[in-house]
Amino acid sequence: MIQFKQLSFWEKVTLLENIDFLIVGNGIVGSACALELRRQHPEAKIVILERSYLPLGASTKNAGFACFGSVTELLDDLENSDETTVWNTVKLRYEGLQRLLQRYPESDLNYQNCGSYDLITNKSDLDVYHPKLDYLNRQIESITGLKNCYSYEEDVYSSFGFKGFHGGYFNRLEGAIDAGKLLLATQKDLAKNGIMTLFGIEVKTFQTNQNEVRIETNYGEVQTRKLCITVNGFAKKLLPHLEVEPARAQVLVTSEIPNLQAKGTFHLDKGYYYFRNVGNRILFGGGRNLDFKVENTFDLNQTALIQNRLEELLSENILPGKPFSIDYRWSGTMGVGPKKAPIIEKIDSHCAVGVRLGGMGVAIGSLVGEQLASLISKAE
């Protein structure tokens, strides 16, 4: 392994010396941060370090949901957090989605404005949720300016072929993207703006002095004037004091299913399960509520407990009577904590962090990155 000290004059001068802004993490937040820094500092030298050959956390391992909050998830959040925090976070998610769609044409992301369904498994829960629908619609209208975001639809069987669900709450403002196309669009944008990404470089530690930050990596030391940390679920490794923990999200994708009815995006069980179609396949993820302790991990393997439950729900409720096999399985690492609000704060005058996206990186990531860029710029 060639260390930084073994690089040529050209490599050191071009890639590693006189860095103005160094960003740890090449995911949605890190890329948005870099692009906003370029807008604010046209002549700055901006470098991104990514420890894997692809963004390792959740940016290319997510389900591609362009969502900001389902009925049952929001009502659960309101029971566990104060209203101001909940609605400020929803506002950040919604505005983050708008920023993402402003930055890239919908065709570049394969964006589908299909809405989403929050499916109900227990009929008696409708007596709790129905009376709160007007309140939720008023709150969402105050954020989006659009009326009647949520509505209840009873018949999801004839529309989608589901079994065992007692209707669902439709959110007309949500949709889906292709996470792979987002990666391609982002890398093109970074290159076009003269922002260099160095892959396979893991940051071990960093230390701030009066004028710079010294960063120790698996290839040796590098210095920068300003440092931004955007590694979300992995932030605890660099900043143990932060209130952010890794949360594994397990996902699978079925074989192609002829005459697939279940097309769109769907949530159930307060957002702990989520699925959508990708062409004629079903992408299905979630289930960490089956064992929060085990899923609080950096490990990217899968567990039989969750995989079996996902397949059981597919067989019994989502694709009843339809044969299928599983063609893909993977896991991603989200960043969660006692609050769903993201952490965007300065560590010191030369370093800032933007993490804890709460499983909503597609929605919230662009705005978190931009706010982080503005924060580190103010620290000058």
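Throughout, numbering of the chain's residues begins at 1 and tracks the sequence.
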Please round to the nearest 0.5 Å and tell me the distance separating atom CG of Leu314 and atom CD1 of Ile257.
7.5 Å
Are more than 12 heavy atoms from other residues, nucleotides or ligands located less than 6.0 Å from atom NZ of Lys270?
no
For the residue pair Thr85 / Asp82, report whether a side-chain donor-acceptor contact shorter than 3.5 Å exists.
yes
Test item: side-chain donor near acceptor, Gln98 and Gln102, under 3.5 Å
no
Any donor-acceptor N or O pair under 3.5 Å, side chains Ser8, Glu11
yes
Is there a donor-acceptor contact under 3.5 Å linking the side chains of Asn171 and Ser116?
no
Going by the side-chain contact (heavy atoms from CB on, under 4.5 Å) test, name the single residue among Lys346, Lys226, Gln40 that passes it with Ile376.
Lys226
Residues passing the side-chain hydrogen bond (donor to acceptor under 3.5 Å, both in side chains) test with Glu50, sequence neighbours excluded, are none
Find out whether the Lys NZ or Arg CZ of Lys12 is both under 6.0 angstrom from the six-membered ring centre of Phe4 and within 45° of the ring's axis.
no
Judged by modelled atom types alone, do Gln250 and Thr303 share a side-chain donor-acceptor pair under 3.5 Å?
yes
Do Arg276 and Phe284 meet the cation-pi criteria used here (NZ or CZ under 6.0 Å from the six-membered ring centre, within 45° of the axis)?
no
Is there a side chain to side chain donor-acceptor pair (under 3.5 Å) between Glu141 and Gln139? Walk through the geometry before answering.
CA-CA 5 Å; Glu141 184 181 354; Gln139 293 298 119; over 6 Å; no
Crowded around Lys237 NZ? As in, over 12 foreign heavy atoms under 6.0 Å?
yes
Aromatic contact between Phe266 and Phe160, with the criterion being ring centroids under 6.0 Å apart: yes or no?
yes
Neighbour count >12 (heavy atoms, 6.0 Å) for atom CD, Glu43
no
For the ring pair Phe199 and Tyr53, is the centre-to-centre distance below 6.0 Å?
no
If we ignore angles and hydrogens, is there a donor and acceptor under 3.5 Å between the side chains of Gln302 and Ser331?
yes
Taking atom CD of Glu153 as the centre, report whether more than 12 heavy atoms of other residues, nucleotides or ligands fall under 6.0 Å from it.
yes
Can you find a side-chain donor-acceptor pair between Asp178 and Gln112 that sits under 3.5 Å?
no
Counting neighbours of NZ on Lys339 that are heavy atoms of other residues, nucleotides or ligands and sit closer than 6.0 Å, is the number greater than 12?
no
Residues Glu95 and Arg99 bridged, charged N to O under 4.0 Å
no
Aromatic ring proximity Tyr272/Phe292, centre distance under 6.0 Å:
yes
Under 3.5 Å, is there a donor-acceptor pair linking the side chains of Glu212 and Thr224?
no
Can you confirm whether Asn122 is buried at CG, in the sense that more than 12 heavy atoms of other residues, nucleotides or ligands lie under 6.0 Å from that atom?
yes
From CA spacing to verdict: ring pair (Phe, Tyr, Trp, His ring centres under 6.0 Å), Tyr129, Tyr135:
CA-CA 11 Å; Tyr129 299 142; Tyr135 162 73; over 10 Å; no
Flag, side chain of Thr230 to backbone of Val24, donor-acceptor distance under 3.5 Å:
yes
Given His267 and Phe275, is the ring pair (Phe, Tyr, Trp, His ring centres under 6.0 Å) satisfied, shown in steps?
CA-CA 6 Å; His267 314 264; Phe275 65 95; 8.9 Å; no
If you measure only the distance, is there a donor-acceptor pair under 3.5 Å linking the side chains of Arg329 and Gln307?
yes
Any donor-acceptor N or O pair under 3.5 Å, side chains Ser377, His41
yes
Does either side chain, that of Ser255 or that of Asp327, offer a donor lying less than 3.5 Å from an acceptor on the other one?
no
Going by atom types alone, do His130 and Tyr169 pair a side-chain donor with an acceptor below 3.5 Å?
yes
I need the minimum non-hydrogen distance between Leu133 and Ser151, along with the two atoms involved.
CD2-CA, 4.3 Å
Gln6, CD: over 12 other non-hydrogen atoms inside 6.0 angstrom:
yes
Ring-ring centroid check Tyr104 Tyr111, cutoff 6.0 Å
no
For Asp155, all residues meeting side-chain contact (heavy atoms from CB on, under 4.5 Å), sequence neighbours excluded
Tyr157, Ser158
So does Glu345 have more than 12 non-hydrogen atoms from other groups sitting under 6.0 Å from CD?
yes
